[in-house]
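Side chains are part of it too, since the values below use all heavy atoms of this structure and drop only hydrogens, waters and symmetry mates. Positions are given from 1 along the sequence.
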Amino acid sequence: MDVEKVFHMTGGIGKTSYAQNSAFQKKASDMVKHITLETIQELYYEVTPKSLGIADLGCSSGPHSLSLIKDMVEAVEGTSHKIFHPMPEFRVYLNDLPTNDFNSVFKSLPDFYKDLKKDRNQEGPAIFIAGYPGSFYGRLFPCNCLHFIYSSYSLHWLSKVPPALYDEHGKSINKGNVYISESSPPSVSQAYYKQFQEDFSLFLKSRSEELVTGGRMVLILLGRIGQDHVDRGNSFFWEILSRSLAISVSQAEIEKEKVDSYEVHFFAASRNELEDEVRREGSFEIDKLEMFEIEREVKNGESYGTAVAMTVRAVQESMLCDHFGDGIDLDTLFNNYGKMIDEEMVEGDVKPITFVIVLKKL
């Protein structure tokens, strides 16, 4: 499966869209917003460029990206007033894979510009926004054109499903599982870790060429607490997807062989694994690396399981439909998924953890 051609969050603003089902991601971004804004203020104070280059890598199709860009602009504006320095112009690059619904972001631009001009006598800051489709596992921008890079809930996605998950005949060595599970052979976690190392190292190397010296990155990504890959954290949500797909097989909706060959291109790294790769690549120093949990909040009286199911559907629908075709009943699949999450919550808490890492270009 060619991830770059297939993978995208569910577009539009419908009931199953990412825009309507990304409250968890928005909550995570908001919980560390103070770190994001402090970091861009520090950067601006040190460098004071006339033209400030900002990139949001993995901007997706919801409203979150432009909302945060507005906060960044206002934070820099406050710092420029404090140091009696003219406001810079802003170059903002919104990046995601080519299949992303960029149009839904662009449709929000008139309101975005209108909001920025409000309370400023219609004299908003000079801000130039562009879409930049492509994989961030490789070069995206010219040398030394960026000052600040932001990426939220994107870097836990790998560039591809690890090739080592398949034997010489193209059969999965991780049958019945979509991710690392208790029943997975050790070679499965090794394959995922190796792919993460390759991808994250390439990401850091590419960004180091695009950022100016002293430039900053704020990266928010899902992770895990310890060395064990199987826990009641992020890996558990994939375990529930494996179980949900098994129910669909038992009801003859999809073929077992199809499930056996379905793997997610995801990796929840540990703190040590992130630190090791930054150290090994050598272009950045770590300013901050913090771990946090998102408090559970649900809307309109829906269950936590339903909220999680809709979130997972919004990020997995493109891949599931491409792999299983029209035969898969996603409504039933994720209805079962939500019920299982609620049942598991009675047994014990599920605690997915998130890392925020601030890097400075050496």
**OP:** Dump the intermediate steps for side chain to side chain contact (heavy atoms under 4.5 Å, CB included) on Arg216 and Ile40, then the final yes or no.
**Re:** CA-CA 7 Å; Arg216 304 293 207 282; Ile40 197 169; over 6 Å; no
Original post:
Given Glu239 and Ser181, is the side-chain hydrogen bond (donor to acceptor under 3.5 Å, both in side chains) satisfied, shown in steps?
Top reply: CA-CA 7 Å; Glu239 172 65 27; Ser181 172; 3.1 Å; yes
Subject >> side chain to side chain contact (heavy atoms under 4.5 Å, CB included) assessment of Val308 paired with Tyr304 >> reply: CA-CA 6 Å; Val308 172; Tyr304 178 67; 3.6 Å; yes
**OP:** I would like to know whether Leu274 and Leu219 meet side chain to side chain contact (heavy atoms under 4.5 Å, CB included); could you show each step before the answer?
**Re:** CA-CA 11 Å; Leu274 289 166; Leu219 312 175; over 6 Å; no
Original post:
Are Tyr93 and Cys59 close enough, and set up right, to give a side chain to side chain contact (heavy atoms under 4.5 Å, CB included), and what steps lead you there?
Top reply: CA-CA 9 Å; Tyr93 307 100; Cys59 65; over 6 Å; no
Subject >> ring pair (Phe, Tyr, Trp, His ring centres under 6.0 Å) between Tyr262 and Phe324, worked out >> reply: CA-CA 9 Å; Tyr262 187 74; Phe324 292 102; 5.5 Å; yes
Subject >> Criterion salt bridge (Lys or Arg N to Asp or Glu O under 4.0 Å) on Lys205 and Glu281, from CA distance to verdict >> reply: CA-CA 7 Å; Lys205 183 177 184 297; Glu281 195 279 327; over 6 Å; no
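Hydrophobic clustering (side-chain heavy atoms under 4.5 Å, transitive across Ile, Leu, Val, Met, Phe, Trp, Tyr) groups Met87 together with Ile83. Residues Leu57 and Val105 share a hydrophobic cluster, clusters being chains of Ile/Leu/Val/Met/Phe/Trp/Tyr side chains in contact below 4.5 Å. Linking Ile, Leu, Val, Met, Phe, Trp and Tyr whenever their side-chain heavy atoms come within less than 4.5 Å puts Leu109 and Phe102 in one cluster. Note: the hydrophobic cluster containing Ile127 also contains Val47 (ILVMFWY, side chain heavy atoms under 4.5 Å, direct or indirect links). One hydrophobic cluster, built from ILVMFWY side chains closer than 4.5 Å, cannot hold both Val212 and Val92; they sit in different ones.
Note that the OG atom of Ser60 and the CG atom of Leu97 stand 10.0 Å from one another [nearest 0.5 Å]. The NE2 atom of His8 sits 9.0 Å away from atom CG of Asp101, with the distance rounded to the nearest 0.5 Å. From Met72, atom CE reaches atom CG of Asp56 across 6.5 Å, with rounding to the nearest 0.5 Å. Interatomic distance, OH of Tyr337 versus CG of Asp342, reported as 11.5 Å (0.5 Å rounding). Interatomic distance, Ser208 OG to Met217 CE, rounded to the nearest 0.5 Å: 8.5 Å. With rounding to the nearest 0.5 Å, the separation of CG in Leu202 from CD in Glu277 is 11.5 Å.
Salt-bridge formation is not detected for the pair Glu42/Lys360: no Lys NZ or Arg NE/NH1/NH2 atom is positioned less than 4.0 Å from an Asp or Glu carboxylate oxygen. Using a cutoff of 4.0 Å between basic side-chain nitrogens and carboxylate oxygens, Lys118 and Asp115 are scored as salt-bridged. Using a cut-off of 4.0 Å between Lys/Arg side-chain N and Asp/Glu carboxylate O, Arg280 and Asp276 are scored as not salt-bridged. Ionic pairing of Asp331 and Arg313 is present here: one or more N-O contacts between side-chain nitrogen and carboxylate oxygen are shorter than 4.0 angstrom. Of the charged side-chain nitrogens involved, none lies within less than 4.0 Å of a carboxylate oxygen, so that Lys160 and Glu198 do not count as a salt-bridged pair. Under 4.0 Å is where a charged nitrogen must lie from a carboxylate oxygen, and between Arg224 and Asp231 no such pair does.
Between the Ser248 side chain and the Ile254 main chain, no donor and acceptor come within less than 3.5 Å of each other. The main-chain N or O of Ile173 is never found under 3.5 Å from a side-chain atom of Asp167 such that the two would form a donor-acceptor pair. Under the 3.5 Å distance criterion, the side-chain polar atoms of Thr79 are left unmatched by any main-chain donor or acceptor of Tyr45. With hydrogens and angles disregarded, a donor-acceptor distance shorter than 3.5 Å links the side chain of Glu210 to the backbone of Phe141. Of the possible donor and acceptor atoms, none in the side chain of Arg271 sits under 3.5 Å from a partner among the backbone N and O of Glu273. Between the side chain of Arg279 and the backbone N or O of Glu285, no donor-acceptor pair lies under 3.5 Å. Checked by atom type and distance alone, the side chain of Asp349 never pairs as donor or acceptor with a backbone atom of Lys351 at under 3.5 Å. Panel note: side chain Asp260, backbone Gly176; a donor-acceptor pair is recorded below 3.5 Å. Here the side chain of Asn234 pairs a donor or acceptor atom with the backbone of Gly223 at under 3.5 angstrom. Side-chain atoms of Gln41 come within 3.5 Å of backbone atoms of Ala75 as a donor-acceptor pair (strictly under, hydrogens ignored).
Taking every heavy atom of both residues into account, Gln20 and Gly14 meet most closely at CG-O, 3.0 Å. Closest heavy-atom contact between Thr99 and Glu4: OG1-O, 4.1 Å. Nearest heavy-atom pair across Gly11 and Ser61 is CA-OG, 4.0 Å. When all heavy atoms of Pro88 and Ser51 are compared, the pair lying nearest together is CB-N, 4.5 Å. Looking at every heavy atom in both residues, Asn177 comes nearest to Ser183 through ND2-OG, 3.0 Å.
Among Glu255, His323, Lys171, Lys175, the single residue meeting the side-chain contact (heavy atoms from CB on, under 4.5 Å) criterion with Ser261 is His323. The residue from Phe196, Phe266, Phe355 that alone fulfils the ring pair (Phe, Tyr, Trp, His ring centres under 6.0 Å) condition with His156 is Phe266. The only option from Glu293, Glu182, Glu344 that meets the salt bridge (Lys or Arg N to Asp or Glu O under 4.0 Å) definition with Arg232 turns out to be Glu344. A side-chain contact (heavy atoms from CB on, under 4.5 Å) with Glu317 holds for exactly one of Val312, Thr10, Ile328; it is Thr10.
In summary, the side chains of Asp199 and Ser159 do present a donor paired with an acceptor at a separation below 3.5 Å, with no hydrogens or angles considered. The closest side-chain donor-acceptor pair between Glu253 and Thr332, if any, does not fall under 3.5 angstrom. Neither side chain, Tyr153 nor Ser29, offers a donor N or O lying under 3.5 Å from an acceptor on the other. A donor and an acceptor atom, one from each side chain of Ser184 and Asn174, are located under 3.5 Å apart. Side-chain contact check for Tyr150 and Thr39: no donor-acceptor pair (N or O, by modelled atom type) lies under 3.5 Å.
Under the 30°/60° scheme for interplanar angles, the aromatic rings of Trp157 and His265 are found to be tilted. Ring geometry for His229 against Phe267 counts as tilted: the plane angle lies between 30° and 60°, on a 0 to 90° scale.
Considering only heavy atoms from C-beta on, Lys194 stays 4.5 Å or farther from Pro162 through its side chain.
Residue-environment remark: CD1 (Ile286) exceeds the threshold of 12 foreign heavy atoms within 6.0 Å. Under a cut-off of 6.0 angstrom, the local environment of CZ in Phe292 is crowded, with over 12 non-hydrogen atoms contributed by other residues, nucleotides or ligands.
For Tyr192 and Tyr179, the distance between ring centers is under 6.0 angstrom.
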